[in-house]
Amino acid sequence: VQLQASGGGLVQAGGSLRLSCAASGNMFRIAIMGWYRQAPGKERELIAMISSSGTTGYADSVKGRFTISREIGKNTVYLQMNSLNPEDTAVYYCNLNYQRNYWGQGTLVTVSS
């Protein structure tokens, strides 16, 4: 399995970005997909997940601002991020979980104040 994340960049506070993560292979439709982030000097944290049936979950820090979704036909998971603030600055990683964890390469999101 290979995961290719994209969509990061520099945005002003209050702005929006949409991250995408395309997965290779056949496990996408049955796997749990997640988005993690790691800010400088902090541990990697799970911020959003979506199950194979479409059930979603969010960390309190992003609830109401971020939305995770998946497009089965494109083997792609998305993270729509709205109302961004400087505390959201981090490297964002997509994750596929099926029997083990698979990681994408990470995409940097920088939110300026």
Side-chain angles (χ1 to χ4, degrees):
V1 174
Q2 291 186 327
L3 301 173
Q4 182 68 44
S6 61
L10 174 64
V11 64
Q12 288 188 332
S16 298
L17 282 175
R18 188 176 81 154
L19 305 183
S20 301
C21 177
S24 66
N26 299 320
M27 287 188 285
F28 180 82
R29 63 182 62 241
I30 57 175
I32 297 172
M33 299 299 299
W35 284 98
Y36 289 69
R37 69 184 181 187
Q38 187 166 18
K42 295 187 177 181
E43 294 186 352
R44 191 174 298 189
E45 62 171 342
L46 173 64
I47 57 169
M49 57 76 63
I50 184 167
S51 72
S52 58
S53 63
T55 300
T56 59
Y58 299 92
D60 287 343
S61 58
V62 306
K63 198 173 296 182
R65 301 187 297 123
F66 292 9
T67 303
I68 189 171
S69 60
R70 65 196 297 167
E71 191 167 354
I72 299 295
K74 292 187 176 181
N75 270 23
T76 299
V77 63
Y78 304 98
L79 186 68
Q80 177 66 44
M81 306 186 294
N82 299 328
S83 301
L84 286 161
N85 59 63
E87 289 69 39
D88 296 315
T89 294
V91 177
Y92 284 69
Y93 299 90
C94 64
N95 170 275
L96 184 153
N97 180 271
Y98 183 75
Q99 297 183 339
R100 54 158 284 191
N101 281 314
Y102 299 86
W103 295 94
Q105 83 284 9
T107 184
L108 177 63
V109 172
T110 303
V111 184
S112 64
S113 57

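Bear in mind the structure is a predicted one, so any value in this text is a computation, not a measurement. Values reported hereafter were calculated over all heavy atoms of this structure, with side chains retained and with hydrogens, waters and symmetry mates removed.
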pair Phe28-Val1: side-chain heavy atoms closer than 4.5 Å: no

Side chains of Leu79 and Ile47 in contact at under 4.5 Å (non-hydrogen atoms): yes

Is the [atom1] atom of [X] crowded by more than 12 outside heavy atoms at less than 6.0 Å?
X	atom1	value
Asn97	CG	yes
Tyr102	OH	yes
Gln2	CD	no

Identified ring-ring contact (aromatic ring centres under 6.0 Å, His included) partner of Tyr36 from the options Tyr93, Tyr92, Trp103: Trp103

In Å and rounded to the nearest 0.5 Å, what is the [atom1] to [atom2] distance from [X] to [Y]?
X	Y	atom1	atom2	result
Cys94	Tyr78	SG	OH	12.5 Å
Asn95	Cys21	CG	SG	9.0 Å
Arg70	Ile32	CZ	CD1	9.0 Å
Leu84	Arg65	CG	CZ	6.5 Å
Asn82	Arg18	CG	CZ	11.5 Å
Arg37	Thr107	CZ	OG1	14.0 Å

Heavy-atom pair of closest approach, residues [X] and [Y]:
X	Y	result
Ser20	Trp35	O-CH2, 3.7 Å
Val109	Met81	CG2-CE, 3.9 Å
Pro86	Ser112	CG-C, 4.5 Å

Any donor-acceptor pair under 3.5 Å linking the side chain of [X] with the backbone of [Y]?
X	Y	answer
Tyr58	Ile68	yes
Asn75	Ala23	yes
Gln105	Ala5	yes
Thr89	Val111	yes

Should [X] and [Y] be regarded as members of a common hydrophobic cluster, given that ILVMFWY residues are connected when their side-chain heavy atoms come within less than 4.5 Å of each other, either directly or indirectly?
X	Y	value
Met33	Ile72	yes
Leu3	Met49	no
Leu17	Val91	no

